[in-house]
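One structure below.
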Amino acid sequence: MLELERSVLRKKGNLGHINIIAGHVLTLYFVLPVFHRFELNLQQAFSQFLAARYGLDLPVVIEQPKQPEFGELAVPLAFQLARQLRQAPKKIAAELIEGIGSIDGVAAMEIAGNGYINIRLDRGAYGQALLRAEPETSAGAGGKIVVEHTNINPNKAAHIGHLRNAVLGDTFVRMLRSRGRNVEVQNYIDNTGVQVADVVAGFHFLERKTPSEVRELAARAEPRFDYVCWDLYARTAQHLNQNPDLGWRSETLHAIEAGHGELAEMGAVVAGAIVEHHLDTMLRLGIEYDVLPRESEILHLQFWAAAFEQLRHTGAVHLETQGKNAGCWVMPAAAFSAGSEVDDSKVIVRSNGTVTYVGKDIAYQLWKFGLLGKDFYYRPLRQYPDGHRVWQSTDQPQVEPAPAFGNAVRVYNVIDARQSYLQDVVVAGLKALGAVRQAEASIHFSYEMVALSPRCCADLGIELSEEDRRRPYIEVSGRKGLGVKADDLIDQLIATALREVDSRHPEDPEQTRRRVATQIAVGALRYFLLKFTRPTVIAFDFQEALSFEGETGPYVQYAAVRARSIGRKLEARGATLPDFANELTREALARQLQAEDFWQMLLAASKADSAIERAVAAGEPANVSRYAFTLAQAFNNFYHQYPILSETDREKKVFLLWMTDFFRAQLERVLGVLGIEVPEFM
RNA sequence: GGGCGCGUAGCUCAGUUGGAUAGAGCAUCUGCCUUCUAAGCAGAGGGUCGCAGGUUCGAGUCCUGCCGCGCCUACCA
């Protein structure tokens with residue numbers, strides 16, 4: 001709720017005319033699950049009757065019929081009971097309706113088909129409930145939920161795959177917050193891992209650069225340091241691939257882990273500079289973080305040592321004395337994978353003494369739940385334009401007090417599906433240490449990769465083998481330098497959007513056009529990444545991603561812009577929005593909502609909270625984007641079919657204005673959850 | 001070999017956890033800009049829900065077995 005208010009205020013600040021449209025009241029329609037309330041009423045009435053009449057305690061399933069003719073809700077309870085009572089469903093349905101009598105907010109119940117009970121709501125009552133609903137006040141309720149996302153290796157520019165991660169994570173965070181959950185956003189920085197080591201090795205061994213030379217390179221605006229590293233990483237990886245015995249990687253890795261020497265210094269420079277680039281890139285998409293825990297602190301503050309001690313003590317890991325893993329500390333496969341071979345143990349500490357990523361991740365996961373008995377020190381890393389500060393872990397005590405991070409009751413790790421094996425190992429680690437509850441509250445929020453369509457590869461000038469050309473998609477690879485850089489894509493989207501804006505609004509100042517084009521580009525990109533459900537591989541295609549028509553972000557934005565423009569037009573004609581609550585009585589609403597069209601539209605628009613809550617439960621942001629699209633479709637339809645400002649009947653005009661304002665509020669709210677802004681014009 | 005995921009319209013994808021006549025976007029075709037913005041609206045064609053069994057009042061959805069595709073199965077992440 002707090003977050004919502006902040007975002008509303010921010011928009012108010014940016015776009016002055018909202019103030020004018022909303023006029024005397026900035027009506028807060030959101031956070032009121034009115035539909036859900038009616039649903040609960042119904043459920044309760046049925047449950048009570050079941051208990052009283054049959055002595056049954058059954059969960060009462062309530063459906064929303066696909067066919068609007070069947071009413072707003074349907075109860076297939078009679079089918080359930082038919083088995084137990086050994087009676088025809090139709091007969092039971094009749095008995096239920098007869099016995100329950102009238103329910104608050106329900107206009108009629110009728111038997112349909114073989115024994116469905118169809119429910120028709122009292123439209124006037126429903127409309128009035130929407131009109132008068134008070135905002136909920138459950139701000140940040142419940143224990144803290146940690147969502148970890150983005151998590152890009154700080155050794156090169158971000159690409160589209162990283163964007164899917166960040167946008168999914170950020171949207172899920174917005175979904176949770178909009179439903180009143182207390183959320184902390186973490187972005188883990190693997191600054192001591194192999195990927196950073198490879199770039200450092202590239203600078204040191206391949207390019208013979210000193211730390212200060214690298215620092216100077218990182219400070220330059222052009223060429224962009226993250227792009228420089230993108231190329232160098234690919235070159236170094238290739239070189240190491242061809243000369244595997246050089247020992248560069250392990251020497252660099254050791255030095256970085258130890259934290260001193262030239263290689264370590266260079267590692268800090270590279271990781272530090274790249275993290276800043278990543279924060280910049282993500283901020284372009286409206287993505288912010290609360291805290292950046294770094295792997296170097298996991299090591300230097302002995303997090304790993306503490307976790308390792310626990311793991312060794314409980315026998316979760318043991319020192320392998322023979323076989324291919326001789327000399328390594330391993331976790332036996334049986335701990336994390338069902339039908340596995342004995343040989344599949346996971347190495348946690350390598351034979352050269354360095355820790356694998358998973359090992360450090362176990363320590364990190366323990367910390368997230370407050371199970372490690374240790375904490376980081378923190379320093380503010382940057383302040384976002386909205387005033388929010390992001391903190392970064394550090395290994396030295398600081399003067400300035402930091403917020404309390406960690407201590408979550410539930411943790412979502414947004415990590416791609418390829419790493420589910422490693423996530424299983426982390427959870428197994430927690431279980432082995434006896435943290436069963438926390439293991440169960442560790443959720444791998446997995447999603448499939450973003451790959452490139454063969455056509456996309458052709459667009460990028462990437463040569464494909466005969467075999468690859470026949471594949472549905474080609475996997476991106478940072479090692480091969482194969483992929484679409486995030487900022488390049490965003491730039492391209494803005495350029496495309498700007499051409500459209502320029503052709504439509506040549507009279508507006510350039511700065512405004514550019515801002516609108518950016519909002520549209522971000523809307524298109526975020527929506528594109530969200531419209532696919534998590535287990536679907538996205539075969540990235542420029543043509544699809546650059547589209548602003550049909551099921552896209554700009555389509556939804558356009559609907560919201562249209563809804564706002566009605567208010568602006570009204571204002572331009574010297575009128576203000578009516579006092580809806582006063583003018584629209586229950587009777588007036590009932591009269592207007594007799595029109596099936598209006599009723600269906602209002603109903604659809606009123607289900608935003610249900611849709612978001614359902615999406616939270618399903619862990620599926622795509623459900624929200626789909627709802628947003630449906631809502632926009634309904635409004636565009638409404639907008640096209642009913643002239644609002646020229647309506648001569650007073651009651652109807654007020655009603656139409658209210659519908660428009662309600663749609664506007666719901667569209668803005670849902671777009672806010674998707675992290676998509678509403679441009680001032682389109 | 002084992003684990004996970006996927007297979008639905010020409011293409012890309014949804015399908016509210018087992019419900020009523022399987023949906024949307026794109027593409028194709030036909031209409032609608034002198035009306036609150038056409039980034040829009042209305043309409044048409046397009047389906048053996050991979051295949052075969054099973055469970056039950058009822059299956060795209062659940063169970064089994066096949067077929068096809070992808071990812072994982074590193075002392076990378």
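None of the values given here were measured: they were computed from a predicted structure. Just so we're on the same page: letters track the sequence lines, and every chain starts at 1.
A/R515 and A/E680 are joined by a salt bridge, as a carboxylate oxygen and a charged side-chain nitrogen come within less than 4.0 angstrom of each other. Note on A/R164 versus A/D416: no salt bridge recorded, every NZ/NE/NH1/NH2 to OD/OE distance being 4.0 Å or above. Looking at A/E620 and A/R614, no side-chain N of the basic residue comes within less than 4.0 Å of a carboxylate O on the acidic one, giving no salt bridge. Between A/D661 and A/R664 a salt bridge is recorded (basic side-chain N to carboxylate O distance below 4.0 Å). Remark: A/E475 engages A/R418 in a salt bridge, criterion side-chain N to carboxylate O under 4.0 Å.
The distance from atom CG of A/L452 to atom P of B/rG70 is 16 Å, rounded to the nearest whole Å. Residue A/Y627 contributes atom OH, which lies 18 Å from atom P of B/rA24 at whole-angstrom precision. What separates CG of A/D541 from P of B/rC11 is a distance of 15 Å, to the nearest Å. A/E551 places its CD atom 11 Å from the P atom of B/rG15, with the value rounded to the nearest Å. To the nearest angstrom, P of B/rU37 lies 18 Å from CD of A/Q557. In this structure, A/Q641 atom CD and B/rG40 atom C1' are separated by 14 Å, rounded to whole Å. Atom pair A/Y473:OH and B/rU12:P shows a separation of 12 Å (rounding to whole Å applied). Separating the CZ atom of A/R249 from the C1' atom of B/rA77 is a distance of 11 Å, rounded to the nearest angstrom.
At the heavy-atom level, A/E549 lies under 4.0 Å from the strands shown only through sugar-phosphate atoms. At a threshold of 4.0 angstrom between heavy atoms, the contacts of A/N155 with the nucleic acid are absent. A/V349 comes within 4.0 angstrom of no nucleic acid atom, judged by non-hydrogen atoms across all strands. Across all strands shown, A/R471 has heavy atoms under 4.0 Å from sugar-phosphate atoms exclusively, and none from any base. Residue A/L422 is in base contact, counting any heavy-atom pair closer than 4.0 Å across all strands shown. Among the protein residues, A/I415 comes within range of no part of the nucleic acid, since none of its heavy atoms lies under 4.0 Å from any strand. Using a 4.0 Å heavy-atom distance criterion, A/R455 is classed as making no nucleic acid contact. Across all strands shown, A/V75 has no heavy atoms under 4.0 Å from either base or sugar-phosphate atoms. Within 4.0 Å (heavy atoms only), A/A326 reaches at least one base atom of the nucleic acid. Nucleic acid contact class of A/A611 (heavy atoms, under 4.0 Å, all strands): none. At a threshold of 4.0 angstrom between heavy atoms, the contacts of A/S351 include nucleobase atoms, whether or not backbone atoms are also involved. At a threshold of 4.0 angstrom between heavy atoms, the contacts of A/E475 are confined to the sugar-phosphate backbone, with no base atom among them.
Under the side chain to side chain donor-acceptor pair (under 3.5 Å) test applied with A/N413, the options A/H444, A/H149, A/Q365 reduce to a single match, A/Q365.
A donor-acceptor contact closer than 3.5 angstrom links the side chains of A/D597 and A/Y642. Looking at A/T236 and A/D198, their side chains never bring a donor and an acceptor atom within 3.5 Å of each other. For A/E295 and A/T192, the side-chain atoms include at least one donor-acceptor pair closer than 3.5 Å. Defined by atom type and a distance below 3.5 Å, a donor-acceptor pair is present between the side-chain atoms of A/E551 and A/Y527. Between the side chains of A/E148 and A/N151, at least one donor N or O sits under 3.5 Å from an acceptor N or O.
On the P atoms, B/rG15 is 14 Å away from B/rU61, given to the nearest whole Å. Nucleotides B/rC62 and B/rC72 place their C1' atoms 26 Å apart, quoted to the nearest Å. Comparing B/rA20 with B/rG25, their C1' atoms sit 26 Å apart, to the nearest whole Å. As rounded to the nearest Å, B/rG50 and B/rG7 have P atoms that lie 8 Å from one another. Here the separation of B/rC11 from B/rA52, taken at their C1' atoms, is 28 Å to the nearest Å. Nucleotides B/rA24 and B/rC66 have their P atoms positioned 37 Å apart, rounded to a whole Å. Nucleotides B/rA59 and B/rA22 are separated by 13 Å at their P atoms, to the nearest Å. Remark: the separation of the P atoms in B/rC57 and B/rG2 is 36 Å, to the nearest Å.
Contacts between residues 527-540 of chain A and RNA chain B, counted as heavy-atom distances below 4.0 Å, involve A/F532, A/T533, A/P535, A/T536, A/V537. Residues from residues 629-637 of chain A placing a heavy atom under 4.0 Å of any atom in RNA chain B, listed by number, are A/F629, A/Q633, A/N636, A/N637.
Taking syn as a glycosidic angle within 90° of 0, B/rU17 qualifies as syn. In this structure, B/rC63 is classed as anti because its glycosidic torsion departs from zero by more than 90°.
Closest to the side chain of A/K324, from the set B/rA77, B/rG25, B/rA74, is B/rA74. Ranking B/rC41, B/rA39, B/rA77 by closeness to the A/R504 side chain, first place goes to B/rA39. Of the candidate nucleotides B/rU37, B/rA20, B/rA39, B/rU37 has the atom nearest to the side chain of A/Y639. For A/S565, taking side-chain heavy atoms from C-beta onward, the closest of the listed nucleotides B/rU37, B/rG70, B/rC75 is B/rU37. Looking at the side chain of A/R626, the nearest of the listed nucleotides B/rC72, B/rU37, B/rA14 is B/rA14. Which of B/rC36, B/rA24, B/rA77 sits closest to the side chain of A/T356 comes down to B/rA77.
Within the 4.0 Å cut-off from OP1 or OP2 of B/rC41, at least one side-chain nitrogen or oxygen of A/Y555 is found. When the side-chain nitrogen and oxygen atoms of A/Y357 are compared with OP1 and OP2 of B/rA77, none of them lie within a distance under 4.0 Å.
For a distance-only test at 3.5 Å, the side chain of A/R418 fails to qualify as a donor-acceptor partner of the base of B/rA77.
Between A/F540 and A/F542, the ring planes are perpendicular. Angles over 60° get that label, and only those under 30° would be called parallel.
Judged purely by atom type and a 3.5 angstrom limit, A/N243 has no side-chain atom pairing as donor or acceptor with the backbone of A/L246. Using modelled atom types, one side-chain atom of A/H505 and one backbone atom of A/M682 make a donor-acceptor pair closer than 3.5 Å.
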For A/R120 and A/E110: C-alpha separation, side-chain torsions, deciding distance, then whether salt bridge (charged side-chain N to carboxylate O under 4.0 Å, His left out) applies. CA-CA 8 Å; A/R120 294 180 197 283; A/E110 52 209 44; 2.7 Å; yes
Salt bridge (charged side-chain N to carboxylate O under 4.0 Å, His left out) between A/D190 and A/R294, worked out: CA-CA 6 Å; A/D190 182 2; A/R294 299 190 302 180; over 6 Å; no
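Checking A/N623 against A/G327, the closest nucleotide of RNA chain B that is more toward the 5' end is the one next to A/N623.
Annotated stems with RNA chain B as a participant read B:1-7 with B:67-73, B:10-13 with B:23-26, B:28-32 with B:40-44, B:50-54 with B:62-66, given as range with range, by first number; only runs of 3 or more Watson-Crick or G-U pairs under 3.5 Å qualify.
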